[in-house]
Colleague: 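First, the structure itself, so that you have it in front of you.
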Amino acid sequence: MRPVVDEEMLQAAMYSLQNEKLVMGESVFKFEEEFARYCGARYAVSTGSGTAALQIALQSMQIGQTDEVLTSPFSFFATSNAVIHAGAQPRFADVEDDGFNLDPSKADSKLTARTRAIMPVHLYGQPARMDEFRDLAEDKGISIVEDACQAHGAEYDGRRVGSLGHVACFSFYTSKNMTVCGDGGMIVTNDEGVADAARSFRDCGRASKYTMSRIGYTSRLNTVNAAIGRVQLRKLDSWNKARRRIANMYRRALEEASAVTLPPAEMPKETPVYHLFVVRSTRRDQLAAHLERNGIEAAIHYPVPIHLQAPYRANYGYSEGSFPVSEKLAGQVLSLPIHPAISDEEVRTVSQLISEFSIE
Ligand SMILES: Cc1ncc(COP(=O)(O)O)c(C=O)c1O
């Protein structure tokens with residue numbers, strides 16, 4: 001990753017600091033309006049982080065104690081932590097055999113009378129199979145909450161993520177496809193009631209300045225961060241286009257590389273935004289070491305699936321074998337360098353090193 005802080009963002013930050021209220025200033029509301037419009041949704045409510053966005057979204061939908069939320073064990077652990085923060089129980093189903101996202105056919109058998117929401121994660125910027133999740137949820141009164149924290153601008157069936165479920169949540173953490181140069185998050189929805197509740201939850205539970213309607217949090221996006229976010233949002237499409245071009249370069253260059261399996265081919269209705277470009281290898285650790293010896297940093301997202309993290313083992317009784325595909329992926333995935341400013345030469349160097357490794 002290489003976070004971008006350019007002159008235009010510095011100017012926007014400076015203007016904001018000198019002219020706006022530092023908290024809940026005008027840029028916050030403009031950023032929300034622009035982000036909602038970008039996603040093709042009616043409302044957007046900013047928060048202090050993506051984790052807070054997920055938690056507050058669930059609470060705003062009145063999902064809490066005695067409720068279950070079905071999600072993926074192969075994600076960043078904030079996904080299911082947010083469910084627990086909201087007071088509900090996370091339940092997991094395994095991911096697709098040939099992909100990285102929650103598998104709708106495996107999710108089906110994990111739904112119970114208590115399931116209030118399915119929370120697919122558009123992992124690595126790859127949209128989840130939303131049609132199938134909608135079919136699963138529709139006649140059971142189950143809502144869909146998109147964890148779109150890694151997928152700003154990705155499209156599914158001609159619509160941007162953020163407009164595909166009841167509610168969607170985004171993170172602006174500094175590694176994401178767009179950031180606010182600090183922590184931040186966004187809840188996006190067409191549901192006015194959810195948006196109103198979320199605005200109150202993120203602002204101490206306020207109904208008005210000194211009255212409250214719920215027990216809320218201090219989880220607002222700072223004005224200066226919103227001002228930077230507005231500039232980044234305008235650049236997001238061109239950055240995503242660059243990421244897609246780099247991903248295609250990797251795909252072509254690594255087609256024949258025997259040490260790695262490429263990410264699944266894109267389906268016609270999906271436009272992923274390659275927050276990460278993730279290959280699989282049965283010799284992952286040796287391959288990562290080979291790259292590192294040659295000055296290339298590759299990362300692992302994620303080496304331990306959520307259900308095998310210590311608190312989940314202790315509190316929910318998960319162990320090895322609970323979700324075999326996620327566990328296998330945790331041992332095989334490797335994220336190659338990708339960001340909009342990476343050069344063709346750099347992509348060729350990384351690909352060459354991987355191809356060499358194949359024939360070593
Ligand atoms: C899939 C996913 N969900 C949730 C989060 C939580 O976002 P944040 O770090 O802004 O709290 C992240 C990102 O970090 C993420 O990648």
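Here, residue 1 is the first one in the sequence, and each next residue gets the next number. For ligands, and for the atoms within them, numbers begin at 1 and follow the listed sequence. Just so it is clear, the values below take in all heavy atoms, side chains as well, and ignore hydrogens, waters and symmetry mates.
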Colleague: Look at the rings of Tyr312 and Phe92 and say which category their plane angle falls in: under 30° parallel, 30 to 60° tilted, over 60° perpendicular.
Modeller: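 The arrangement is tilted - the two ring planes meet at 30° to 60°.
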
Colleague: Polar pairs, ligand 1 vs protein, N/O only, below 3.5 Å.
Modeller:
{"unit_1": "ligand 1", "atom_1": "3 (N)", "unit_2": "Thr79", "atom_2": "OG1", "d": "3.4"}
{"unit_1": "ligand 1", "atom_1": "3 (N)", "unit_2": "Asp147", "atom_2": "OD1", "d": "3.3"}
{"unit_1": "ligand 1", "atom_1": "3 (N)", "unit_2": "Asp147", "atom_2": "OD2", "d": "2.8"}
{"unit_1": "ligand 1", "atom_1": "7 (O)", "unit_2": "Ser171", "atom_2": "OG", "d": "3.4"}
{"unit_1": "ligand 1", "atom_1": "10 (O)", "unit_2": "Gly50", "atom_2": "N", "d": "2.8"}
{"unit_1": "ligand 1", "atom_1": "10 (O)", "unit_2": "Ser171", "atom_2": "OG", "d": "2.7"}
{"unit_1": "ligand 1", "atom_1": "11 (O)", "unit_2": "Gly50", "atom_2": "N", "d": "3.3"}
{"unit_1": "ligand 1", "atom_1": "11 (O)", "unit_2": "Thr51", "atom_2": "N", "d": "2.9"}
{"unit_1": "ligand 1", "atom_1": "11 (O)", "unit_2": "Thr51", "atom_2": "OG1", "d": "2.5"}
{"unit_1": "ligand 1", "atom_1": "14 (O)", "unit_2": "Lys176", "atom_2": "NZ", "d": "3.1"}
{"unit_1": "ligand 1", "atom_1": "16 (O)", "unit_2": "Gln150", "atom_2": "NE2", "d": "2.8"}
{"unit_1": "ligand 1", "atom_1": "16 (O)", "unit_2": "Lys176", "atom_2": "NZ", "d": "3.0"}

Colleague: Using a side-chain heavy atom cutoff under 4.5 Å and only I, L, V, M, F, W and Y, what cluster partners does Val23 have?
Modeller: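 Listed partners: Met24, Val28, Phe29.
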
Colleague: Give me the ring orientation class for Phe74 and Tyr302: parallel if the planes are under 30° apart, tilted from 30 to 60°, perpendicular past 60°.
Modeller: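 Taking Tyr302 first and then Phe74, their aromatic rings stand perpendicular (interplane angle over 60°).
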
Colleague: Salt bridge (Lys or Arg N to Asp or Glu O under 4.0 Å) with Asp203: which residues, sequence neighbours excluded?
Modeller: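 With neighbours one apart ignored, the set is Arg206, Arg220.
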
Colleague: Report the residues that fulfil salt bridge (Lys or Arg N to Asp or Glu O under 4.0 Å) with Lys30, sequence neighbours left out, ordered by chain and then residue number.
Modeller: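 For Lys30, the residues satisfying salt bridge (Lys or Arg N to Asp or Glu O under 4.0 Å) (neighbours in sequence not counted) are Glu26.
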
Colleague: Does the structure place the NZ or CZ of Arg214 under 6.0 Å from the centre of the six-membered ring of Phe201, at an angle of no more than 45° from the ring's axis?
Modeller: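 Yes, Arg214 and Phe201 form such a contact.
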
